[in-house]
Amino acid sequence: MPEQYSPFDAPFKRFGEWFEDAKKSEPDMANAVAVATATKSGVPSMRMVLMKNWGEDGFVFYTNFNSRKGQEILANPNFSMLFHWKSLMRQIRIEGIAETVSDAEAEAYHISRPRASRIGAWASRQSEAMQGRFEFEAEIARYTAKYAVGEVPRPPHWSGFRLKPKYFEFWSDRKFRLHERHTYRLTDHHQWGREILFP
Ligand SMILES: Cc1cc2nc3c(=O)[nH]c(=O)nc-3n(C[C@H](O)[C@H](O)[C@H](O)COP(=O)(O)O)c2cc1C
């Protein structure tokens with residue numbers, strides 16, 4: 001039986017502590033995270049993204065909603081994230097349900113990005129096949145000209161997904177492969193049930 005553990009913030013607090021450690025010890029991009037999605041029929045796929053925001057309401061990354069991952073999440077909101085910080089010999093698994101961030105939140109992040117990245121969000125038909133790099137460069141030139149004056153608006157297909165966690169696992173390295181695994185699973189009563197797993 002999982003141990004009932006009421007403080008709602010427990011796994012988030014622990015994530016925050018480990019993430020701060022990672023920011024100090026990783027050479028760069030401590031926020032790089034593998035994202036696993038699946039089609040409606042359960043065929044999985046993974047890729048890296050950058051986690052741009054997090055809190056007790058979840059973990060956010062931004063992408064093209066027409067991309068493979070975007071389409072998979074829109075069809076099947078179950079997805080998971082995996083942080084692995086080699087410098088700390090730690091990993092965190094987070095599983096849950098996707099929610100789309102609000103337009104206001106997506107706008108705020110969009111305008112904080114460099115202009116070239118905002119142009120890129122228009123120019124890249126992410127995950128579609130292209131004839132060659134020239135096709136992408138032509139699209140970049142087209143949108144650079146189109147938005148030469150004024151703001152680059154946010155493309156309607158570019159936004160963020162928030163992973164609303166139902167499950168966390170904190171893994172840390174111990175000598176002789178006697179590693180530690182601590183899990184938190186959200187109960188029906190909005191509490192976190194805690195367990196320790198064999199490594
Ligand atoms: C370290 C790293 C960070 C990345 N960050 C993002 C990101 O935040 N958003 C994104 O759409 N793609 C990001 N990518 C590219 C994705 O891994 C992937 O190639 C792209 O999103 C297309 O994936 P899909 O075809 O499965 O949708 C990143 C790649 C790496 C290696």
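Residue numbers start at 1 and run along the sequence shown. Ligands are counted one by one from 1 in listed order, and the atoms in each one are counted from 1 as well.
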Counting only pairs under 3.5 Å, give me each side-chain donor-acceptor contact of residues 17-24, with atom names and distances, residues two or more places apart or in other chains.
residue	atom	partner	partner atom	Å
Glu20	OE2	Lys23	NZ	2.9
Asp21	OD2	Arg90	NH1	2.9

Give the ring-plane orientation class for Tyr143 versus Trp122, where under 30° counts as parallel, over 60° as perpendicular and anything between as tilted.
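Parallel: the ring planes of Tyr143 and Trp122 meet at under 30°.
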Ordered by chain then number, the protein residues lying under 4.0 Å from ligand 1 by heavy atom are Met29, Arg47, Met48, Val49, Leu50, Tyr62, Thr63, Ser67, Arg68, Lys69, Gln126, Ser127
Do any side-chain atoms of residues 70-79 form donor-acceptor pairs under 3.5 angstrom with protein atoms, and if so which ones, sequence neighbours left out?
residue	atom	partner	partner atom	Å
Gln71	NE2	Phe65	O	2.9
Glu72	OE1	Thr37	OG1	2.6
Glu72	OE1	Ser45	OG	2.9
Glu72	OE2	Arg68	NE	3.1
Asn76	OD1	Asn78	N	3.1
Asn76	OD1	Asn78	ND2	2.9
Asn76	ND2	Ala38	O	3.4
Asn76	ND2	Thr39	O	3.1

Side-chain cluster (under 4.5 Å, hydrophobic types only) that Tyr62 belongs to, other residues
Val60, Val101, Tyr109, Trp158
Would you mind checking if Arg125 and Glu135 are paired as a salt bridge, meaning a charged N to carboxylate O distance below 4.0 Å?
yes
Passing candidate, side chain to side chain contact (heavy atoms under 4.5 Å, CB included) with Tyr167, options Ile94, Thr183, Leu186
Thr183
